[in-house]
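Excluded from the calculations below are hydrogen atoms, water molecules and symmetry mates; all remaining heavy atoms, backbone and side chain alike, are included.
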Amino acid sequence: PARRGVPLAHLSLASSMAVPLFISVPSGLEDDAAAELTSRLCPPKPVKTHLSEELLQSPIKGVSLGVTVDPVKINSLRQFGTAEQVAGRVLDTELTRDGVKDVLLRKVRAEDAEDPVYYIIEYQVESSRGRKVYLCKYCIYQNRLYVLQAQAKQDSFDAADAAVRETLAAAATAERAASRAGERGA
């Protein structure tokens with residue numbers, strides 16, 4: 001079926017330029033339902049851990065979506081390391097979290113043919129709260145680290161695997177287009 005983009009969030013708090021994130025939804029979805037996807041945010045966290053953080057109502061059952069933004073001193077993920085090196089650091093950090101027993105890297109890849117560069121890291125966490133899968137897309141743009149994260153219990157993630165990957169791929173395309181538009185307008 002035909003698909004169209006629906007804005008998921010605008011990250012205007014994090015930088016001087018709003019960076020829209022989009023998800024791809026079936027064209028048969030009613031406009032009211034599409035609007036509901038974009039407007040329902042989860043309650044804010046009690047402790048602020050990022051410059052900007054949006055917990056988003058996911059269109060995929062059992063999957064949580066979130067976007068975080070943090071200031072960084074570098075201009076590209078390449079300056080931090082290869083996708084594999086960054087994945088190693090992410091997994092090392094996960095191992096320090098309370099209740100985490102084991103972490104397993106499932107997939108890692110870089111989308112680095114053009115700027116901004118994206119690293120996609122998928123990993124599984126075994127903890128006292130069960131087994132979850134995380135699929136994260138990282139990007140640095142204008143000295144801000146953007147992380148789009150999908151997470152779900154392993155069974156839910158594996159059942160919705162294709163839809164989760166499509167959602168993250170569509171968001172990256174929208175971010176890249178927005179960053180190019182911002183550069184031309186500056």
- Task: Enumerate the residue pairs fulfilling salt bridge (Lys or Arg N to Asp or Glu O under 4.0 Å) with a member in residues 73-85, sequence neighbours excluded, ordered by first and then second residue.
- Result: R78-D115

- Rounded to the nearest 0.5 Å, what's the gap from CZ on R106 to CD on Q124? Could you check? 5.5 Å

- Check A87 against V108 and note the closest heavy-atom contact, atom names and distance. CB-CG2, 3.9 Å

- Message: Let me confirm one number: the CD-SG distance from Q151 to C136, rounded to the nearest 0.5 Å.
- Response: 8.5 Å

- Query: Honestly curious: do I74 and I121 fall in one hydrophobic cluster under the side-chain, below-4.5 Å linking rule?
  - Reply: yes

- Message: According to side-chain contact (heavy atoms from CB on, under 4.5 Å), who are the partners of R109, at least two apart in sequence or on a separate chain?
- Response: E111, I120

- side-chain contact (heavy atoms from CB on, under 4.5 Å) partners for L91, two or more places apart: V103, L105, Y123

- For atom CG of D98, is the number of surrounding heavy atoms from other residues, nucleotides or ligands below 6.0 Å larger than 12? no

- Message: Using side-chain heavy atoms (C-beta onward) and a distance below 4.5 Å, is V90 in contact with Y134?
- Response: no

- Check V63 against A160 and note the closest heavy-atom contact, atom names and distance. CG2-CB, 4.4 Å

- How would you list, by chain and number, every residue that makes a salt bridge (charged side-chain N to carboxylate O under 4.0 Å, His left out) with D155, sequence neighbours excluded? none

- Query: CG/L145 to CG/D70 distance, rounded to the nearest 0.5 angstrom?
  - Reply: 6.0 Å

- Please name the pair of heavy atoms, one in P71 and one in R144, separated by the smallest distance, quoted to 0.1 Å. CB-NH1, 3.6 Å

- Item | Sequence-distant partners of D102, salt bridge (charged side-chain N to carboxylate O under 4.0 Å, His left out), two or more places apart | none

- Message: To the closest 0.5 Å, what do you measure between CZ (R131) and CZ (F157)?
- Response: 14.0 Å

- Message: Can you list everything that forms a side-chain contact (heavy atoms from CB on, under 4.5 Å) with N75? Sequence neighbours excluded, please.
- Response: Q79, N143

- Note on the structure: Heavy-atom closest pair (S156 atom, G62 atom, distance to 0.1 Å) is CB-O, 4.0 Å

- Item | Reported CZ-to-NZ distance for the pair R129 and K153, which is rounded to 0.5 angstrom | 11.5 Å

- Item | Taking every non-hydrogen atom, the tightest pair across Y141 and Y146 | O-CE1, 3.8 Å

- Message: Once rounded to the nearest 0.5 Å, what's the spacing between atom OG1 of T82 and atom OH of Y119?
- Response: 6.0 Å

